[in-house]
Amino acid sequence: MGNLTFTMIKPRAVEQGFTGEIIQQITAAGFKIKAMKMTLLSKHDAERFYAVHAERPFFGSLVSFMSSGPIVAMMLEKDNAIADFRKLIGATDPSKAEEGTIRKKYAESVESNAVHGSDSDENAMIESNFFFADREKF
Ligand code: IDP
Ligand code: MG
């Protein structure tokens with residue numbers, strides 16, 4: 001397993017002022033921030049980022065939501081980063097997320113679920129490269 005993952009703090013969590021607390025939990029869990037920026041996705045950007053979900057019924061709503069306000073993107077480093085980060089954030093549906101997980105604490109719904117986490121080493125690289133130039137990765 002690789003030691004890099006990619007996350008976004010999603011628009012509602014940023015809007016609600018949870019950015020600082022979420023970053024604090026991520027670093028307290030042993031993740032090192034390799035790259036970070038606050039930015040706004042266009043609809044086209046969100047469609048590209050979530051292209052694997054294009055056929056899912058929630059795709060249009062997800063794209064609208066993800067482009068509705070600024071997000072905070074981060075590239076993170078830790079041993080076993082993909083699996084450990086997905087454990088830290090909890091299940092996609094916050095009603096099924098374990099106590100203490102980031103989604104349990106900060107998500108509003110299955111769509112507005114506070115944070116993204118990469119699902120594979122390959123996607124972590126694709127997603128990091130979507131947001132960050134080499135000179136923005138440390
Ligand atoms: P993940 O973020 O836990 O990897 P995915 O299945 O990859 O979950 O879905 C990507 C994103 O699409 C989710 O984080 C969530 O924002 C949204 N999503 C997933 N399933 C649903 C759904 O059933 N309704 C609405 N939005 C959904
Ligand atoms: Mg996913």
Side-chain angles (χ1 to χ4, degrees):
M1 283 292 281
N3 60 351
L4 294 172
T5 191
F6 171 83
T7 186
M8 274 188 285
I9 305 174
K10 297 187 181 185
R12 273 297 283 161
V14 172
E15 164 65 25
Q16 290 175 295
F18 296 142
T19 300
E21 288 174 50
I22 290 172
I23 292 172
Q24 164 60 25
Q25 282 198 39
I26 290 170
T27 55
F31 291 87
K32 181 180 174 193
I33 299 172
K34 301 285 287 179
M36 177 163 71
K37 70 170 65 160
M38 189 172 187
T39 186
L40 179 65
L41 295 174
S42 67
K43 277 204 161 199
H44 178 69
D45 294 330
E47 283 168 2
R48 281 171 53 223
F49 187 86
Y50 282 111
V52 303
H53 297 303
E55 304 308 320
R56 308 277 286 275
F58 58 80
F59 183 67
S61 177
L62 177 63
V63 164
S64 293
F65 167 60
M66 289 303 300
S67 56
S68 67
I71 61 91
V72 175
M74 283 176 274
M75 188 177 169
L76 302 170
E77 183 179 59
K78 183 184 182 297
D79 291 346
N80 199 35
I82 300 285
D84 285 3
F85 193 74
R86 290 192 68 99
K87 187 160 175 57
L88 179 69
I89 67 179
T92 307
D93 179 347
S95 71
K96 295 174 185 149
E98 271 182 57
E99 238 14 90
T101 60
I102 290 173
R103 282 171 166 168
K104 184 71 175 187
K105 287 185 186 168
Y106 301 110
E108 298 179 315
S109 66
V110 62
E111 178 174 89
S112 180
N113 60 0
V115 284
H116 171 81
S118 304
D119 62 8
S120 67
D121 293 338
E122 185 191 4
N123 284 334
M125 290 319 303
I126 291 169
E127 292 168 358
S128 296
N129 291 335
F130 184 93
F131 281 93
F132 300 111
D134 284 345
R135 66 182 165 74
E136 297 174 299
K137 298 171 187 163
F138 298 96

To the nearest 0.5 Å, what is the distance between CG on D119 and CD on E127?
7.0 Å
Can you tell me how far CZ of R103 sits from CZ of R86, rounded to the nearest 0.5 angstrom?
6.5 Å
Is I71 reachable from I126 through a run of I, L, V, M, F, W or Y residues, each pair having side-chain heavy atoms under 4.5 Å apart?
no
Non-hydrogen atoms of A124 and I82 that approach each other most closely
CB-CD1, 3.9 Å
Say you draw a straight line from CE of M75 to CZ of F132; how long is it, rounded to the nearest 0.5 Å?
8.5 Å
What residue among T5, N3, D84 forms side chain to side chain donor-acceptor pair (under 3.5 Å) with K78?
D84
Measure the OH-CZ distance between Y50 and F58 for me, rounded to the nearest 0.5 Å.
9.0 Å
Rounded to the nearest 0.5 Å, how far does CD of E136 lie from OG of S128?
11.5 Å
Looking at G90, is its backbone amide N or carbonyl O close enough to the side chain of E98 to form a donor-acceptor pair, meaning the two atoms are under 3.5 Å apart?
no
Evaluate the side chain to side chain contact (heavy atoms under 4.5 Å, CB included) criterion for residues M8 and M66: first the C-alpha distance (whole Å), next the side-chain angles of each, then the deciding distance (0.1 Å), finally the verdict.
CA-CA 10 Å; M8 274 188 285; M66 289 303 300; 3.8 Å; yes
Tightest non-hydrogen contact, residues D45 and F130, listed as O-CZ, 3.4 Å
Donor-acceptor contact below 3.5 Å, side chain K37 vs main chain F131
yes
Q25 versus K105: any side-chain heavy-atom pair under 4.5 Å?
yes
Criterion side chain to side chain contact (heavy atoms under 4.5 Å, CB included) on K137 and K34, from CA distance to verdict:
CA-CA 6 Å; K137 298 171 187 163; K34 301 285 287 179; 5.6 Å; no
Enter the distance from S61:OG to R56:CZ here, rounded to the nearest 0.5 Å.
13.0 Å
Test side chain to side chain contact (heavy atoms under 4.5 Å, CB included) on N123 and F6; report intermediate values, then the result.
CA-CA 8 Å; N123 284 334; F6 171 83; over 6 Å; no
Mind listing the closest non-hydrogen atom pair of S67 and L41 along with its distance?
CB-O, 3.1 Å
Among Ile, Leu, Val, Met, Phe, Trp and Tyr joined by side-chain contacts under 4.5 Å, find the other residues sharing a cluster with L76 and list them by chain and number.
I9, V14, F18, I22, I23, I26, F31, I33, M36, M38, V72, M74, F85, L88, I89, I102, Y106, V115
At their closest point, which heavy atom of S68 faces which heavy atom of P11, and how far apart are they?
OG-CB, 3.6 Å
Is there side-chain contact between E99 and K104, with at least one heavy-atom pair below 4.5 Å?
yes
Given 3.5 Å as the limit, does a donor-acceptor pair link the side chain of S112 with the main chain of S109, or not?
no
F49 and H116 aromatic ring geometry - parallel, tilted or perpendicular at 30°/60° bounds
perpendicular
Hey, is CD on E15 packed in by over 12 heavy atoms from elsewhere, all under 6.0 Å?
no
When you measure from the side chain of D93 to the backbone of V110, do you find a donor-acceptor pair of N or O atoms at a distance under 3.5 Å?
no
